[in-house]
Trainee: 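Have a look at this one before I ask anything.
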Amino acid sequence: MIEIKFIPIDYDYFDFEGRNYARIIGRDDKGKRICIIDSVQPFLYAILKPGVNEKKIKELQEKIGKLSIKLPSRTTKVEKTLLEDKNFLGKQVKAIKIFITNYKDAHPIADLLDYEEIEARREYDLSFITKYIIERKLIPLSWYKISGELLTQELGIQNLDVDLAIKVEKIEKIPDLPFKPKILAFDIEADEFEIGKGEILMISLCSDNFKKVLTWKHCTKQDFVECFKNEEEMLEKFLDYVKKISPDILVGYFSDGFDLPYLRARAEKLGIKLALGLDNSQPTFARGRIPSGKIFGIIHIDLFRFIETVYSQYLQSETLGLNEVALELLGESKKEFDHKHSSKMEKEEWKEYFEYNLQDSLLTWKLAEKFLPDMLEFPQIIQEPLFDITRDSMSQLVESYIIHHLQEYNEVAEKRPLHDEIGERMGREKYTGAFVFQPQAALYENLAIFDFTSMYSSVIVTYNLSKTTFLEKKEPGSLEVDLEGEKVYFSKKPGFFPLLLKGIIELRKKYKQELKENPNPITKARSNAFKLIANAAYGYQGFFGARYYCVEAAASTAALARKSILDIIEKIKKQGYNVIYSDTDSIAFLLGNKTKTQTLDFLKKLNSQLPGIMELELEDFFKRGLWVTKRTGEFGAKKKYALITEQGKVKIRGFETVRRDWCQLARDLQNQVLQKILGEGNEKQALLILKKTIKDLKDRTINKEDILIRTQLKKLLSEYKAITPHVIAAQKMKELGMPIDIGMLVSFFIAEVRSEKEKKLVREKVKLPEEKGEYNIDYYLNHQILPAVENIFEVFNVNIKELISGIKQKKLDGF
DNA sequence: GACTTGGAGGTACC
DNA sequence: ACTGGTACCTCCAAGTC
């Protein structure tokens, strides 16, 4: 028997004599690499119909106990059954817990449970690792004292590159110890984008005090460059370095979709085994929307995927490419490098190429270090391994959090929806969502904005809305929600979903406070993780793929949120304020003759009247706020406004300034105009800026980057019904042999053409950035610049178009 | 051929 | 297919006169 302190990092399992064993790689407190082998007995539940008598249950247990499945490789039997009292979707039920030999046969065993007394079969669709973590409470990246038997060359650990292997007997939670995983970043360069088509020219590696570029193409005298005879030798050395550095995390950027599959494809072609795993196995690629490259014992992370789901909504970056993200988060860019085919590269260019390649790894490594607190925190909160956490969608994260907390409510897990069920759910009609107030276009002064904290989550908790509390029909004391005529009912008895969410909101509050008092990366990561889960819980209930899907709950959440905000709007009006705007959970109103103190007191009063955990807070006071009309019609536009605080902080929403599908010229101009108007309270200075921009445009002094329009390609070229300018741009790229991918941003500009009469459509004037041609002055004036500022000036009764043509007639300079 | 209108398409807000 | 609905705006496609 030996005893160690252990932190689990990577999980997988294997079969031995027909049974499943968890195999977990981690470290001990001395930094040694440890493998532990453990087992739990797989099981599923048969939930019984109400009122089945004891005798019947006994008989049923006996029948179930005899079930088995014979496969060529193994036989799975029901090994034991237990009768348990459980909760399931708001009901107390009797359930038979059915232990089986091999978890992989849980589904076929469930299919055999075709007995009249059984109402439902559940928990046959949870992964072995998930079940293992729940059963043994061995939470990823958390510390434990493990005792067990030392293993040498036995089951599941043959040729495993670890310092110690233990067959677990006892697991005990201990307080957290310091832990810093070793991170190795990598990046490859190739001439061809298509996976495996070209040669890998170079591979860069970056870790603590370690920077290398491996290449076989060209030998330079840069100290970080290591040269090899051929691609094979370079790949071998890459494997060597990974072994030697022995990282816990191997991180890349887009590496699930590019670097790792490319490495594997090239290795295969060259007859090399890409033995990255601790057991010398090659990476495997799990099927999915995007394949996930898994390396045994080392966590491969594609940082892009984690950032995309968890952080993109908080980033300013318009693309999530390494360059923009690194610039925003690290203040560093990629190296500038003019890509061309390697065969046409000069000596000096190779040097730059190597630096470029190294910089990519360096940025990836720095980003990974930056996100390390989050990467350590999320797996502990969600209770799934880091590998999965960094690839899960938002709904999966929410669902995993739920699944791992069901025990606290003695709840049996609901099943994943089946194919037909998903189809049905997707086909449903949309329900009514949020309320958006019809604003009046104007420049307002002295505003306050109130908003509900985590509004939808608060509504779910306050009114107990969920699949588990949804009632088929009205019951005494139940809550009735009117969904525009159709009535639905919810139990008042707290269900586990709202209770769980209540816990999340409380923790979110606690960690937000903790962050305020003690701001550091850990408290920030924790606070952010809970915020994300809380925010996604509402969408989860309306999501077709959710185990706890419930449109009635989702629609009721939106309906009650609407009711709440309309109620508050009325109260604010009644108090004598002028409400000017509201969207979903926020309300903007004019202070008028009231003071800030009065307004804050009023906020307190409003809060005291709110039900449950609903809470209204002050977002801020604002000096000025601008709302404009829609392009068509005289009404004020919703979801478009600009605000300035007394400290001069500007908040712009919805305007072209913040839209990436407008050219920089129009966006910059609009931004400056908004800033000036908000700062000064009138349009005079702003007009001068407009004048200058028009002059520059007509003088053709505008830079090309500023007139590029960037639009995302959302589907295959052939699937487009309407051939829009960006589709033409993509077609041109394709003809030039450039790679076309779904999701890519297509850049183009609108050029002058010989005959405007023959080429009337915008798409006929599209040119790629590298194509020769002058920008189309008329287009940029009338389709970019003017539309961007027209209705802003209209607020001041200044008609730009008249002004321009009027001035023209008077032959004044500038316009 | 000029003009209108609906909808496809993309992106933002919360 | 991988959280929800609401809203704006451009440009194409197809219809009307």
Side-chain angles (χ1 to χ4, degrees), chain A residues 288-290 305 308-309 313 318 391-399 416-417 419 422-423 425-426 428-439 451-452 454-457 460 532-546 548-551 553-555 557-559 561-562 565 581-586 619 628-633 635-641 651-662 709-715 719-728 743 745-746 750 757 760-766 779 782-784 787-788 790-791:
Chain A
R289 196 164 54 102
I290 310 161
R305 295 186 67 178
E308 188 184 31
T309 41
Q313 66 173 125
E318 281 162 23
R391 289 169 174 81
D392 280 349
S393 65
M394 217 53 228
S395 64
Q396 279 174 294
L397 291 176
V398 173
E399 193 152 282
R416 214 180 281 134
H419 184 267
I422 291 178
R425 292 175 180 186
M426 286 172 78
R428 75 160 164 81
E429 274 185 30
K430 278 193 173 184
Y431 58 83
T432 312
F435 167 73
V436 187
F437 189 96
Q438 174 62 66
D451 58 18
F452 279 99
S454 305
M455 188 188 213
Y456 281 38
S457 298
I460 292 171
L532 282 169
I533 300 166
N535 285 346
Y538 154 72
Y540 172 82
Q541 296 205 90
F543 166 52
F544 58 81
Y548 291 97
Y549 173 83
C550 182
V551 232
T557 306
R562 278 197 310 273
I565 199 103
Y581 188 60
S582 165
D583 186 349
T584 313
D585 60 354
S586 70
E619 188 201 308
V628 300
T629 54
K630 284 207 287 181
R631 195 124 270 291
T632 48
F635 287 117
K638 297 172 177 181
K639 298 189 186 286
K640 272 180 103 169
Y641 59 88
K651 180 180 173 183
I652 297 176
R653 291 291 118 101
F655 273 107
E656 284 75 5
T657 303
V658 299
R659 295 185 61 94
R660 70 169 180 198
D661 54 350
W662 280 69
I709 296 165
R710 300 191 301 170
T711 317
Q712 197 183 170
L713 209 60
K714 305 273 270 190
K715 46 190 175 190
E719 286 171 10
Y720 280 94
K721 280 186 204 161
I723 308 305
T724 49
H726 85 291
V727 175
I728 295 291
L745 274 191
V746 180
I750 305 305
K757 274 198 183 141
K760 282 191 183 150
L761 293 176
V762 178
R763 68 170 174 220
E764 292 167 326
K765 304 167 202 172
V766 166
Y779 176 82
N782 292 308
H783 293 262
Q784 292 278 332
E790 203 174 3
N791 38 15

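Predicted, not measured: the structure shown is a model, and the values here were computed from it. Residue numbering restarts at 1 for every chain, and letters A, B, ... go by the order of the sequence lines. Keep in mind that the numbers below use all heavy atoms, side chains included, and drop hydrogens, waters and symmetry copies.
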Trainee: Identify, between A/Val628 and A/Lys639, the residue whose nearest nucleotide on DNA chain C lies closer to the 5' end.
Mentor: A/Lys639
Trainee: Look at all strands and tell whether A/Gly433 reaches a base, only sugar-phosphate, or nothing, counting heavy atoms closer than 4.0 Å.
Mentor: sugar-phosphate
Trainee: According to the Watson-Crick and G-U wobble definition with distances under 3.5 Å, which dot-bracket string, read 5' to 3', encodes DNA chain C, using [ ] for crossing pairs and | for pairs with another strand?
Mentor: ...||||||||||||||
Trainee: Taking 5' to 3' order, which nucleotide of DNA chain C is first and which is last to have an atom within less than 4.0 Å of a heavy atom in chain A?
Mentor: C/dA1 to C/dA13
Trainee: Starting from the C-alpha separation in whole Å, work towards a yes-or-no answer on ring pair (Phe, Tyr, Trp, His ring centres under 6.0 Å) for A/Tyr549 and A/Phe543.
Mentor: CA-CA 6 Å; A/Tyr549 173 83; A/Phe543 166 52; 8.4 Å; no
Trainee: Please report the closest heavy-atom contact between A/Ala637 and A/Pro439, naming both atoms and the distance.
Mentor: O-CG, 3.3 Å
Trainee: Is the backbone N or O of A/Pro787 less than 3.5 Å from a side-chain atom of A/Arg631, with the two atoms forming a donor-acceptor pair by type?
Mentor: yes
Trainee: Let me know the distance between CG of A/Leu745 and C1' of B/dT11, rounded to the nearest Å.
Mentor: 11 Å
Trainee: Less than 4.0 angstrom from a charged side-chain N to a carboxylate O is my criterion; do A/Lys638 and A/Asp583 meet it?
Mentor: no
Trainee: Under a 3.5 Å cutoff, is there a donor and acceptor pairing between the side chains of A/Tyr548 and A/Gln541?
Mentor: no
Trainee: Contact class for A/Tyr548 (heavy atom, under 4.0 Å): base, sugar-phosphate, or nothing?
Mentor: nothing
Trainee: Whole angstrom is fine here: how far is it from CE in A/Met455 over to C1' in B/dC13?
Mentor: 15 Å
Trainee: For nucleotides C/dC2 and B/dG10, find the distance between their P atoms and express it as a whole number of Å.
Mentor: 15 Å
Trainee: Protein-nucleotides 8-10 of chain B N/O pairs closer than 3.5 Å?
Mentor:
unit_1	atom_1	unit_2	atom_2	d
B/dG9	OP1	A/Lys715	NZ	3.3
B/dG9	OP1	A/Lys721	N	3.0
B/dG9	OP2	A/Lys715	NZ	2.7
B/dG10	OP1	A/Gln712	O	3.3
B/dG10	OP1	A/Tyr720	OH	2.3
B/dG10	OP1	A/His726	NE2	2.7
B/dG10	N2	A/Arg659	NH2	2.9

Trainee: Mind checking if A/Ala554 touches a base, just sugar-phosphate, or nothing, with heavy atoms under 4.0 Å?
Mentor: nothing
Trainee: Within the structure shown, what part of the strands sits under 4.0 Å from A/Tyr431 by heavy-atom distance: base, sugar-phosphate, or nothing?
Mentor: sugar-phosphate
Trainee: Strictly distance-based, threshold 3.5 Å: is any side-chain N or O of A/Gln438 a donor or acceptor partner for the main-chain N or O of A/Gly636?
Mentor: yes
Trainee: Hey, does A/Gly542 reach any base, or is it just sugar-phosphate, or nothing, if we go heavy atoms under 4.0 Å?
Mentor: sugar-phosphate
Trainee: Under 4.0 angstrom, heavy atoms only, what part of the nucleic acid is A/Tyr779 near: base, sugar-phosphate, or nothing?
Mentor: sugar-phosphate
Trainee: Contact class for A/Thr432 (heavy atom, under 4.0 Å): base, sugar-phosphate, or nothing?
Mentor: sugar-phosphate
Trainee: Do A/Ile723 and A/Arg763 have side chains that get closer than 4.5 Å, going by heavy atoms?
Mentor: yes
Trainee: Give me, pair by pair, the N or O atoms of the protein and of nucleotides 1-4 of chain B that are less than 3.5 Å apart, along with how far apart they are.
Mentor:
unit_1	atom_1	unit_2	atom_2	d
B/dA2	OP2	A/Lys760	NZ	3.2

Trainee: For the residue pair A/Phe435 and A/Phe437, does the interplanar ring angle fall in the parallel (under 30°), tilted (30 to 60°) or perpendicular (over 60°) class?
Mentor: perpendicular
Trainee: For A/Tyr720, does the six-membered ring have the charged nitrogen or CZ of A/Lys715 within the cation-pi criterion, i.e. under 6.0 angstrom from the centroid and within 45° of the normal?
Mentor: yes
Trainee: Hey, does A/Lys638 reach any base, or is it just sugar-phosphate, or nothing, if we go heavy atoms under 4.0 Å?
Mentor: sugar-phosphate
Trainee: So, A/Glu719 and A/Lys714, do they make that salt bridge, N to O below 4.0 Å?
Mentor: no
Trainee: Just so I know, are the side chains of A/Lys651 and A/Glu619 near enough to count as touching, which here means a heavy-atom distance under 4.5 Å?
Mentor: yes
Trainee: Holding to side chain to side chain donor-acceptor pair (under 3.5 Å), I want the full list of residues that pass it with A/Tyr456, two or more places apart in sequence or in another chain.
Mentor: none
Trainee: Does A/Arg416 have any side-chain contact (heavy atoms from CB on, under 4.5 Å) partners at least two apart in sequence or in another chain, and if so, which?
Mentor: A/Asp125, A/Arg547
Trainee: Give me the atom names and distance for the closest heavy-atom approach of A/Thr711 to A/His726.
Mentor: CB-CB, 3.6 Å
Trainee: Have a look at A/Arg305 and say if it touches a base, only the backbone sugar-phosphate, or nothing, with a 4.0 Å heavy-atom cut-off.
Mentor: nothing
Trainee: Heavy atoms under 4.0 Å, any strand shown: does A/Ile723 hit a base, just sugar-phosphate, or nothing?
Mentor: sugar-phosphate
